[in-house]
Participant: 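Here it is, the structure, as structure tokens.
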Amino acid sequence: MNRPHYILQPVSPLFIGVSLLAAFMLNLLPWGHWVGVPDFVALVLVFWGIHQPRKVGIGIAFFMGLMMDVHDSTLLGENALAYTLLSYLAIMIHRRVLWFPVLTQALHVFPLLLATQFVQLVVRFIVSNKFPGWEQLVESVIAVALWPIITWMLLAPQRRAVDRDHTRPI
């Protein structure tokens with residue numbers, strides 16, 4: 001019923017950088033513009049915004065948004081605005097979300113990802129006067145379905161061994 005809460009080891013800034021780079025590379029793949037493929041950068045940014053708000057903040061979100069704007073050839077600042085808003089909201093609710101199990105965390109992350117995509121849709125509509133369609137919002141549902149996997153993968157290097165070796169200092 002009550003799961004034990006394990007103390008995690010400190011996260012390496014190198015690991016945070018590698019995870020953001022890997023998410024960016026996943027977004028660079030050619031299937032990144034298909035309907036239903038989640039925005040991996042947004043997913044990793046919201047994860048680190050919740051788990052490490054002092055290390056990954058709004059500035060890194062803005063930089064990653066500019067990188068995605070350059071890659072997507074969209075209006076410069078569209079993704080930067082959305083990722084900055086996403087990071088701010090993730091940092092704002094991070095203490096509350098960490099108390100819940102992973103599946104409930106996914107339900108808290110869903111409105112954040114949905115708001116990010118909604119901001120992107122509104123900016124695209126204002127700029128091009130064409131509505132891209134509501135099917136774009138499916139990406140948030142799939143990203144929330146991936147939340148437990150992303151959480152497990154990104155927290156794996158921080159977990160201590162369950163059967164602790166008493167000759168090891170940590």
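Sequence positions, counted from 1, serve as the residue numbers for this chain.
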Participant: For Y83, run the side-chain hydrogen bond (donor to acceptor under 3.5 Å, both in side chains) check against D69, T116, D39 and tell me which one passes.
Facilitator: D39
Participant: Taking all atoms of both residues into account, what is the closest heavy-atom pair of L86 and A42, and its distance?
Facilitator: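 Minimum heavy-atom contact is CD2-O, 3.3 Å.
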Participant: What residue pairs, at least two apart or across chains, pass side-chain hydrogen bond (donor to acceptor under 3.5 Å, both in side chains) with a residue in residues 88-98?
Facilitator: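 Counting only pairs at least two positions apart or across chains, no side-chain hydrogen bond (donor to acceptor under 3.5 Å, both in side chains) contact touches residues 88-98.
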Participant: In the structure I gave you, are the side-chain heavy atoms of V109 and I50 within less than 4.5 Å of one another anywhere?
Facilitator: yes
Participant: State the CG-CG distance between L112 and L85, to the nearest 0.5 angstrom.
Facilitator: 8.5 Å
Participant: Is it the case that more than 12 heavy atoms not belonging to F24 sit under 6.0 Å from its CZ atom?
Facilitator: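 Check passes, neighbour count above 12.
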Participant: Is there a path of hydrophobic side-chain contacts, each under 4.5 Å between heavy atoms, that joins F62 and L75?
Facilitator: no
Participant: Looking only at heavy atoms, which two atoms of L28 and H71 are closest? And how far apart?
Facilitator: CD2-CD2, 2.7 Å
Participant: Is V97 reachable from V102 through a run of I, L, V, M, F, W or Y residues, each pair having side-chain heavy atoms under 4.5 Å apart?
Facilitator: yes
Participant: Is the CZ atom of F63 crowded by more than 12 outside heavy atoms at less than 6.0 Å?
Facilitator: no
Participant: Taking all non-hydrogen atoms of both residues, which atom of A143 and which atom of L113 are closest, and how far apart?
Facilitator: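 What the structure gives for the nearest pair is CB-CD1, 3.7 Å.
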Participant: Counting N and O atoms only, with roles assigned by atom type, does the side chain of S87 sit under 3.5 Å from a partner on the main chain of G57, one being a donor and the other an acceptor?
Facilitator: yes
Participant: Hydrophobic clustering (ILVMFWY, side-chain heavy atoms < 4.5 Å, transitive) - are W152 and V144 grouped together?
Facilitator: yes
Participant: Run F47 and L43 through side chain to side chain contact (heavy atoms under 4.5 Å, CB included) and show every step you take.
Facilitator: CA-CA 6 Å; F47 175 83; L43 191 58; over 6 Å; no
Participant: Is L107 close to L103 at the side-chain level, that is, under 4.5 Å between some pair of heavy atoms?
Facilitator: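 Answer no - side chains too far apart.
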Participant: Taking S19 for its side chain and I16 for its backbone only, find out whether a donor-acceptor pair lies under 3.5 Å.
Facilitator: yes
Participant: For L146 and P38, which heavy atoms make the closest approach, and how far apart are they?
Facilitator: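 It is CD1-CG, 3.7 Å.
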Participant: Show the nearest heavy-atom pair for residues H51 and Q105, with the distance to one decimal.
Facilitator: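 Reported closest heavy-atom pair: NE2-OE1, 4.3 Å.
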Participant: For K55 and S12, indicate whether the former's side chain and the latter's backbone hold a donor-acceptor pair under 3.5 Å.
Facilitator: no
Participant: Below 4.5 Å, heavy atoms only, C-beta onward: do Q120 and E78 meet side chain to side chain?
Facilitator: yes
Participant: Once rounded to the nearest 0.5 Å, what's the spacing between atom CD of Q52 and atom CG of L154?
Facilitator: 11.0 Å
Participant: May I ask whether L14 and V44 are part of the same hydrophobic cluster, defined by side-chain heavy atoms of I, L, V, M, F, W, Y residues being less than 4.5 angstrom apart, directly or through others?
Facilitator: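 No, it is not one cluster - the side chains of L14 and V44 are not joined through contacts under 4.5 Å.
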Participant: Any non-hydrogen side-chain atom of V141 less than 4.5 Å from a side-chain atom of F110?
Facilitator: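 Yes; the side chains approach each other to less than 4.5 Å.
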Participant: Is there side-chain contact between V119 and V122, with at least one heavy-atom pair below 4.5 Å?
Facilitator: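 Side-chain contact under 4.5 Å: no.
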Participant: Indicate whether the side chain of Q117 and that of E139 have a donor and an acceptor atom separated by less than 3.5 Å.
Facilitator: yes
Participant: Are V18 and L8 connected in the hydrophobic side-chain network, where two residues link if heavy atoms are under 4.5 Å apart?
Facilitator: no
Participant: Does atom CE of M92 have more than 12 heavy-atom neighbours from other groups under 6.0 Å away?
Facilitator: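 Counting neighbours around CE of M92, more than 12 heavy atoms of other residues, nucleotides or ligands fall under 6.0 Å, so yes.
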Participant: How many angstroms lie between CE in M25 and CZ in F40, if you round to the nearest 0.5 Å?
Facilitator: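 Between atom CE of M25 and atom CZ of F40 there are 14.5 Å.
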Participant: Quick check on ring-ring contact (aromatic ring centres under 6.0 Å, His included): which of F100, W147, W99 does H108 satisfy it with?
Facilitator: F100
Participant: Compare every heavy atom of L45 with every heavy atom of M64, then report the nearest pair and how far apart it is.
Facilitator: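 Closest heavy-atom pair between M64 and L45: CB-CD1, 4.2 Å.
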